[in-house]
Undergrad: 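Sharing a structure below in structure tokens format, with a few things to ask.
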Amino acid sequence: MTYNITLIPGDGIGPQVTEAAKMVLEASGVEINWEIVEAGEKVIEKYGTPLPDYVIDSIKRNRVALKGPVTTPIGIGFRSINVALRQSLKLYANVRPVKSYKGVPSRYKNIDLVIVRENTEGFYTGIEHMVGEDAAESIKIITRKASERIAKFAFELARKEERRKVTAVHKANIMKYTDGLFLDCVRKISQEYPEIIFEDVIVDAMSMKLIQTPQDYEVLVMPNLYGDILSDLAAGLVGGLGVVPGVNIGEKEAVFEPAHGSAPELNSNMANPTATILSGIMMLRYLGEREAADRVEKAVAKILKDGKKLTPDLGGNAGTLEYTKAIIEIL
Ligand code: NAD
């Protein structure tokens, strides 16, 4: 069987890391017909938008995409392509598995948790404006529908992966209506999963607990902004953004992408492609290609454990291509 998959190379290090993932996935033996579509800074001049309609159309057609990071200007300029993509395709769940791999320099061992972030509302609705010249207002939206949907997703994931505990992360002590509603919804859904332990932790305390005892957590479910922040924090626990994959999932489509950004300051061939390759492995599992996914993950784990060919962010001096070829050789 040949899979049609949309590939969005993205900006900065995006083209290098997605090319690396493409090479590794092809070496796995799974037949993929890549439909390469460009989005991001480089298409603005031609199409007048960083997210042309043909990108959305391609994902809708193929239903599965692998995406590199794209640059979003801070404070000024166009709105985030990521936010627009997630909202237009209703990719409501952002999933980031955070896992320790032997050989990756990090402060902790044996971390294996998943961050499930609500992806369509919270503080990322883009409803923001100035109030006069000296004040600005941003509106946070939490709905019962989106909160129950993400809670269900988190519990289903826990059940499927045989994980024992789901932790809701919130700030309901201060934001009693918005986060209060989110917490109520997760609590209600938790009752449908009696075999799974449910607890809730306030986001500031969670930041400390993740640093102190990250091994205590399995599935963390939270609104958009907290998920964005805590998933980068969690990446720091297992060796950095270069090794954390992710996916944005909706009712119909799934867009796999590394947790990191476009790292525009990195020289070419210095990027660690592991996060994008691991995103590709998640994609293979999503497609039902479990055996190929396991094989590729074993090859990645071996190269990391050997430690002879690591990229500079992990303390080595191998370039993106050299590291990628080493994985392919093991495969
Ligand atoms: P970033 O993730 O690009 O970089 C943060 C740090 O991690 C930098 O020191 C960078 O060098 C390092 N890093 C990240 N990925 C790496 C990799 N694969 N290998 C080695 N080192 C890596 O975050 P940032 O600097 O805050 O953002 C840069 C741009 O990326 C911004 O325009 C931002 O909006 C965008 N961004 C995009 C996405 C996405 O497309 N999903 C996600 C986050 C940020």
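Order of listing sets the numbers, starting from 1, for every ligand and every atom in it. These numbers were taken from a predicted model, which means no experiment stands behind them. All heavy atoms count here, side chains included; hydrogens, waters and symmetry mates do not.
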Undergrad: Is the closest protein non-hydrogen atom to atom 2 (O) of ligand 1 under 4.0 Å?
TA: yes
Undergrad: Could you tell me whether atom 9 (O) of ligand 1 has a protein heavy atom closer than 4.0 Å?
TA: yes
Undergrad: Would Q87 and Y92 count as a side chain to side chain donor-acceptor pair (under 3.5 Å) here? Give the steps.
TA: CA-CA 8 Å; Q87 286 177 352; Y92 66 87; over 6 Å; no
Undergrad: Could you tell me, atom by atom, which parts of ligand 1 come under 4.0 Å of a heavy atom of A263?
TA: 3 (O), 10 (C), 11 (O)
Undergrad: Does any non-hydrogen side-chain atom of E257 lie less than 4.5 Å from one of L66?
TA: no
Undergrad: Between T324 and E322, do the side chains contain a donor N or O and an acceptor N or O under 3.5 Å apart?
TA: no
Undergrad: Please report which non-hydrogen protein atom sits nearest to atom 37 (C) of ligand 1, along with the residue it belongs to and the distance in Å to one decimal place.
TA: V70 O, 3.1 Å
Undergrad: Are Y226 and Y217 connected in a single hydrophobic cluster, I mean Ile/Leu/Val/Met/Phe/Trp/Tyr linked by side-chain heavy atoms less than 4.5 Å apart?
TA: yes
Undergrad: Using 4.0 Å as the upper bound for N to carboxylate O, is an ion pair formed by K60 and E253?
TA: no
Undergrad: Protein non-hydrogen atoms only, distance under 4.0 Å: does atom 25 (O) of ligand 1 have such a neighbour?
TA: no
Undergrad: Counting only heavy atoms, which portion of M270 has something under 4.0 Å from ligand 1: side chain, backbone, both, or neither?
TA: neither
Undergrad: Any luck finding a side-chain donor-acceptor pair between N33 and N4 under 3.5 Å?
TA: yes
Undergrad: Only counting residues at least two apart or in another chain, list the ones meeting salt bridge (charged side-chain N to carboxylate O under 4.0 Å, His left out) with D200.
TA: R187
Undergrad: Could you tell me whether the side chain of K176 reaches within less than 4.5 Å of the side chain of I174, counting heavy atoms only?
TA: no
Undergrad: Determine whether K325 and E329 make a side-chain contact, defined as any pair of heavy atoms from C-beta on separated by less than 4.5 Å.
TA: no
Undergrad: Please list the nearest protein heavy atom to atom 11 (O) of ligand 1 with its residue and the distance rounded to 0.1 Å.
TA: E265 OE2, 2.4 Å
Undergrad: Can you report which non-hydrogen protein atom sits closest to atom 14 (C) of ligand 1, along with the distance?
TA: H260 CB, 3.6 Å
Undergrad: Please classify the T71 to ligand 1 contact at 4.0 Å (heavy-atom distances, strictly less than): side chain, backbone, both or neither.
TA: both
Undergrad: Return a yes/no value: protein heavy atom under 4.0 Å from atom 28 (C) of ligand 1?
TA: yes
Undergrad: Does the residue K67 have a heavy-atom contact with ligand 1, meaning some pair of atoms that are separated by less than 4.0 Å?
TA: yes
Undergrad: Report, in ascending order of atom number, the atoms of ligand 1 lying under 4.0 Å from any heavy atom of E257.
TA: 41 (N)
Undergrad: Tell me if the centroids of the rings in Y54 and Y47 come within less than 6.0 Å of each other.
TA: yes
Undergrad: Which hydrophobic side chains are connected to I141, either touching it within the sub-4.5 Å cutoff or through other members that do?
TA: I127, I139
Undergrad: Decide, yes or no, whether a salt bridge links R164 with E195 under the criterion of side-chain N to carboxylate O below 4.0 Å.
TA: no
Undergrad: Judging by distance only, is a nitrogen or oxygen of G261 under 3.5 angstrom from one on ligand 1?
TA: yes
Undergrad: Which residue supplies the protein heavy atom nearest to atom 30 (O) of ligand 1, what is that atom called, and how far is it?
TA: S262 N, 3.0 Å
Undergrad: Out of T72, L266, V244, L241, whose heavy atom is nearest to atom 6 (C) of ligand 1?
TA: L241
Undergrad: Check each atom of ligand 1 against the heavy atoms of N82 and keep those under 4.0 Å away; list them by number with element.
TA: 37 (C), 38 (C), 39 (C), 40 (O), 41 (N)
Undergrad: Minimum distance, heavy atoms only, to atom 19 (N) of ligand 1: which one of T311, D228, D313, N272 is it?
TA: N272
Undergrad: Is the contact between I13 and ligand 1 made by the side chain, the backbone, both, or neither, using heavy atoms and a 4.0 Å cut-off?
TA: side chain
Undergrad: Run the contact test for P264 against ligand 1 with a 4.0 Å cut-off on heavy atoms, strictly below, and give the result.
TA: yes
